Colleague: 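One structure, as C-alpha cells, below. Some questions next.
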Amino acid sequence: MSHEPQDMIRFENVGLRYGFGPEILSDLTFRIAPNSFQFLTGPSGAGKTSLLRLMLLSLRPSRGLVTIFGKDAARIRRTEMPFIRRQLGVVFQDFRLLDHLTTYQNVALPLRVQGRDEASYRTDVIELLKWVGLGERIHVLPPVLSGGEKQRAAIARALINQPDVLLADEPTGNVDPPLARRLLRLFIELNRSGTSVVIATHDLGLMDQFDARRLVLNQGRLQIYD
Amino acid sequence: MTEPASEPRAVARIPVQTASPRASIVPRESIAGRALTFVVAIMAFLASLTVGVVAIVSETASQWRSDIAREVTIQIRLFEDVEMDKAIRDAGRIALEFDGVAKVTAVDEAAVSRLLEPWLGSGLAIDELPVPRLLTVTLDNGAAPNFAAMRQRLEAEVPGASLDDHRAWIARLNNMAWAMVLVATAIFAMVMAATVLNVVFATRGAMAANRDVVEVLHFVGADVAFIASQFQRHFLVLGLAGAAAGGAGAAALFIALGFWSSARSATPDGDQVSALFGTFSVGPAGYAGIVVLVALIAGVTALTSRLTVNQHVRMLETARSGAV
Ligand SMILES: Nc1ncnc2c1ncn2[C@@H]1O[C@H](COP(=O)(O)OP(=O)(O)OP(=O)(O)O)[C@@H](O)[C@H]1O
Ligand SMILES: [Mg+2]
C-alpha cells in the first residue's frame, strides 16, 4: 500500500449528537490502521451505525476531528468526495440495494458510476457473485431475493471495487451460522489481500471465531481491546 | 452471461422481469413523465405559434412595404385659375424626367369618383366638387428616385401639386410589425420561463421519488455529473417528445390555415383577409424556426433538469451535518 503506515481513518475526541438531543457518542479517539481487522460491537442502540456513518462521511461530527486517508474530513472538497467514497466499501444494515436493478447490476454499480465499460468488469462481477454464492441469482431483482441473499449482494457490491477500507454494518445479521462463518472467511481473505475491515456486529459467536481487535461501544464511550 | 437456471428453489420459478445489462439507474416509470410531456407539448405549441405569427407578420409587412414603395402618388388640388388637364400633363412630364420612374398614370375622373363612392354616394358630378386629382407614379423595381427634388420641382412648377411617397404609412407599418414582434417575443419568453419552472418542479419530484437511488449512487462514489446525467437522459427524451408533438401541432395548424386562406382568397371577402394578412403562409423560415424551437425546448428541458439535480445533490452534500 503506502510507503509509510498512514492511518486509513483516525478519530480524535469525536462527539456526535443528533439535532439538539443528547450526545450519543462522546470523546471517541481511535485509529483504523492499514490492513487491520476489527469488530465494532456494543448493545443495540449504542451507536454502531452512527459511528460507521461518521467513518463513511455521511454524518459530520458535532465536535472533534475525523481524518480519512490522511485528510481532514471537514476540509474535503465536494469534488473529491466521490473519489474518497470509491475507496470505501460499505455494507449497510438495510442493504440499500436498488430494487429495479438485477443483482448483477446492483453489484456492478460502483464500477458503472466510474464510467467504466461493462465489458471490462463483467467477468469480475460474475465471479464475485459466484464467490458469495449468488451465481444462480445473477439476473434476479432484489425483491425476489431472500434476506441472506440480499445481504450477500450488498457485500459483493461493497467489495467489487477492491476498497481500501470495508465498513460492514451487521453483515451477518440475516444469515444462519454456517453462512455467517463463510462470510467471515470472505472478510478475512479480503483483509489478507490488503483491505482494512471494520465489522459492526453484536453477534458474540461470530467474534469468537476470529481473534481480532474489538472496539466496544457502551453508553457513548469506546473501549478498545487490541 | 447465460446462467443455467438450474436453481431448484421455488423463487427461481417466479417469472422475473429481467432488465437489460444497461437498464436505467433511474427508472423511467419513477418520473411523472406523461404530465410533463403534455405540458412541454403545450408550451412548445404556444411558442411555435409566436414564431409562426412573427414569420407571418414580418413576411406580410415586408410585402406591404415593397408594394407601397413601388408607387408614389402625386396629388393635384384644384386651384381657381388653373387648368387641371395642363397641370396633370406638367406634373407627369416632371415626374418622368427623374431616373427610376417607369410610368405615370393619371387616375381618371371615373376612377376617382368610384374611389369616393362609398363616402359620397353614387351619381355625383365630380366636376362640381373640388376633388383633387391623382397621378400614380410607378417606379422601376428597387429604384429610389430623388423624391425631395421631385417634390420641390412639382410644388414650384405646378400649382396645387404635392407628392406623397407613403413614408408615413411605411413608418406606421414598421411600428405595427415591431409591436407584434415584441409582443410575440414577450409571450415566447414567458412560455419558456413556464417550461423551465415546470421542469424544475418535475425534476424535484423525480429526485424525491428516487431519493434512495440518489443516496446509493452517492455512496458508491458517483459524482454529481453522473447522477445528473441519469436524470437528464429521461428529461431529454421527454422534452424532445413533448416539444416535437407541440411543434408538429403548430405546423399542422399553419398548414391548415394556409389551405383555408388560399381557398378563401377566391371569394371577395377572402380577398380582404389576404390583403391584410397575406396568405397565412408561414414560409420555410417559419417552419425551420419551429424545428429549431423544438430542439431548443428539448435542450432547455434537459439542461434545466441537470442544473436542478446538481443543486439538489450539492444540498445533499452540505446537509450531511450532525443535525440531519
Ligand atoms: N437519524 C437519527 N436521528 C436521531 N437519532 C438517531 C438517528 N439515528 C440514530 N439515532 C439514535 O442514535 C442512537 C444510536 O443509534 P445507532 O443506529 O447508531 O445504534 P446501533 O448501535 O447501530 O444499534 P443497532 O445495533 O440496533 O443497529 C439510538 O439511540 C438512535 O435512536
Ligand atoms: Mg445499527
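Here is the naming used below: chain letters follow the sequence lines, and residue numbers restart at 1 for every chain. As the structure is a computational prediction, the values presented were derived from the model and not from experiment.
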Colleague: Side chain, backbone, both or neither: which part of B:Phe226 has a non-hydrogen atom closer than 4.5 Å to chain A?
Modeller: side chain

Colleague: How close do A:Phe95 and A:Gly147 get, counting heavy atoms only, and between which atoms?
Modeller: CZ-O, 3.9 Å

Colleague: Just so I understand: if I count every heavy-atom pair under 4.5 Å between each of A:Leu88, A:Leu56, A:Asp99, A:Leu98 and chain B, which residue has the most?
Modeller: A:Leu98

Colleague: Is it true that a side-chain atom of A:Arg86 and a backbone atom of B:Gly221 form a donor plus acceptor pair closer than 3.5 Å?
Modeller: yes

Colleague: Treating B:Thr308 as the side-chain partner and B:Thr203 as the backbone partner, does any N or O pair qualify as donor plus acceptor under 3.5 Å?
Modeller: no

Colleague: Regarding A:Lys48 and A:Asp169, does a basic nitrogen lie under 4.0 Å from an acidic carboxylate oxygen?
Modeller: no

Colleague: Which bit of B:Val213 comes within less than 4.5 Å of chain A, counting heavy atoms only: side chain, backbone, both or neither?
Modeller: both

Colleague: Using a cut-off of under 4.5 Å on heavy-atom pairs, state which of B:Asp212, B:Leu217, B:Ile227, B:Asp223 scores highest against chain A.
Modeller: B:Asp223

Colleague: Under a 4.5 Å heavy-atom cut-off, does chain B meet the side chain of A:Phe20, its backbone, both or neither?
Modeller: neither

Colleague: Kindly assign one of parallel, tilted or perpendicular to the pair B:Phe254 and B:Tyr287, based on the angle between their ring planes and the thresholds 30° and 60°.
Modeller: perpendicular

